Amino acid sequence: QVLLVESGGGLVQTGGSLRLSCVASGSILSIYDMRWHRQLPGKQRELVASITNRGGSNYAIAVKDRFTISRDNAKNTVYLQMDSLKPEDTGVYYCNMKVRTIRSFSASEYWGQGTQVTVSS
């Protein structure tokens, strides 16, 4: 199995920045897509950003031009740089990766347990 652990969440003032990290560990052969999701209070979980194994990225319209997703394949890590944070960004952020494990024939989706981001007004 694969374990994903997020870090970097916390409390920040409006207009501030945070950098989230998510590292994967386990019997990993290859990691394909890496993604960040968030769950805002009272809302369904939503996709925030994604990045392919080729480096192509996509963003939710609400965070476009403020957030940047990146990956470090050597460290099995995905990052989310969050700038110009707003109170409406407050919520739990989850990483998710499509991973092929050693001796498996296909890739599966794995999820972290989430990290809290709070933006004060």
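Owing to the predicted nature of the structure, the values given are computational and were not obtained by experimental measurement. Numbering of residues begins at 1 and proceeds along the displayed sequence.
Side-chain contact check for Ser25 versus Asn76: every heavy-atom pair is 4.5 Å or farther apart. Between Lys86 and Arg66 the shortest side-chain heavy-atom distance falls below 4.5 Å.
Taking OG of Ser7 as the start and CG of Leu20 as the end, the distance is 8.0 Å to the nearest 0.5 Å. Atom CG of Asn58 is separated from atom OG of Ser50 by 4.5 Å, given to the nearest 0.5 angstrom. Taking CD1 of Ile31 as the reference point, atom CZ of Arg100 lies at 13.5 Å (rounded to 0.5 Å). One finds the NZ atom of Lys75 at 5.0 Å from the CG atom of Asp72 (value rounded to the nearest 0.5 Å). Here Met82 contributes atom CE and Asp89 contributes atom CG; the two are 7.5 Å apart, rounded to the nearest 0.5 Å. Atoms OG and CG, on Ser120 and Leu85 in that order, are 10.0 Å from each other to the nearest 0.5 Å.
Cation-pi contact between Arg45 and Trp111: present, with separation from the ring centre below 6.0 Å and deviation from the ring axis of at most 45°.
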key: Evaluation steps, side chain to side chain contact (heavy atoms under 4.5 Å, CB included), between Asp33 and Met97   = CA-CA 6 Å; Asp33 294 345; Met97 303 183 189; over 6 Å; no
request  = Would you sort out whether Val117 and Thr90 count as a side chain to side chain contact (heavy atoms under 4.5 Å, CB included), showing the intermediate values?
outcome  = CA-CA 5 Å; Val117 171; Thr90 294; 5.8 Å; no
request  = Applying side chain to side chain contact (heavy atoms under 4.5 Å, CB included), run through Gln81 and Ile69 and close with a yes or a no.
outcome  = CA-CA 6 Å; Gln81 177 67 43; Ile69 189 170; over 6 Å; no
Gln44/Gln39 under side chain to side chain contact (heavy atoms under 4.5 Å, CB included): CA gap, chis, key distance, verdict = CA-CA 6 Å; Gln44 300 283 349; Gln39 188 164 10; 5.6 Å; no
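Residue pairs meeting the ring-ring contact (aromatic ring centres under 6.0 Å, His included) criterion with at least one member in residues 49-103, sequence neighbours excluded, do not occur.
Leu80 approaches Ala49 most closely through the heavy-atom pair CD1-CB, 4.2 Å. Of all the heavy atoms in Ile28 and Val2, the pair that sits closest is CG1-CG2, 4.1 Å. Residue Ser17 comes nearest to Ser84 through the heavy atom pair OG-N, 4.3 Å, listed as atom of the first residue, atom of the second, then distance.
Val12 and Val63 fall within the same hydrophobic cluster, where Ile, Leu, Val, Met, Phe, Trp and Tyr residues are linked whenever their side-chain heavy atoms come under 4.5 Å apart, directly or through other members.
Here the side chain of Asn96 pairs a donor or acceptor atom with the backbone of Tyr110 at under 3.5 angstrom. Remark: side-chain polar atoms of Thr77 are not paired, donor with acceptor, to backbone N or O of Val23 under 3.5 angstrom. Judged purely by atom type and a 3.5 angstrom limit, Glu6 uses its side chain to pair as donor or acceptor with the backbone of Cys95.
A donor atom on one side chain and an acceptor atom on the other are found under 3.5 Å apart for Thr118 and Gln116.
The pair Glu109-Arg35 counts as a salt bridge, with a side-chain nitrogen and a carboxylate oxygen less than 4.0 angstrom apart.
Tested against Met34 for a side-chain contact (heavy atoms from CB on, under 4.5 Å), the candidates Ile51, Thr52, Val99 yield a single pass: Ile51.
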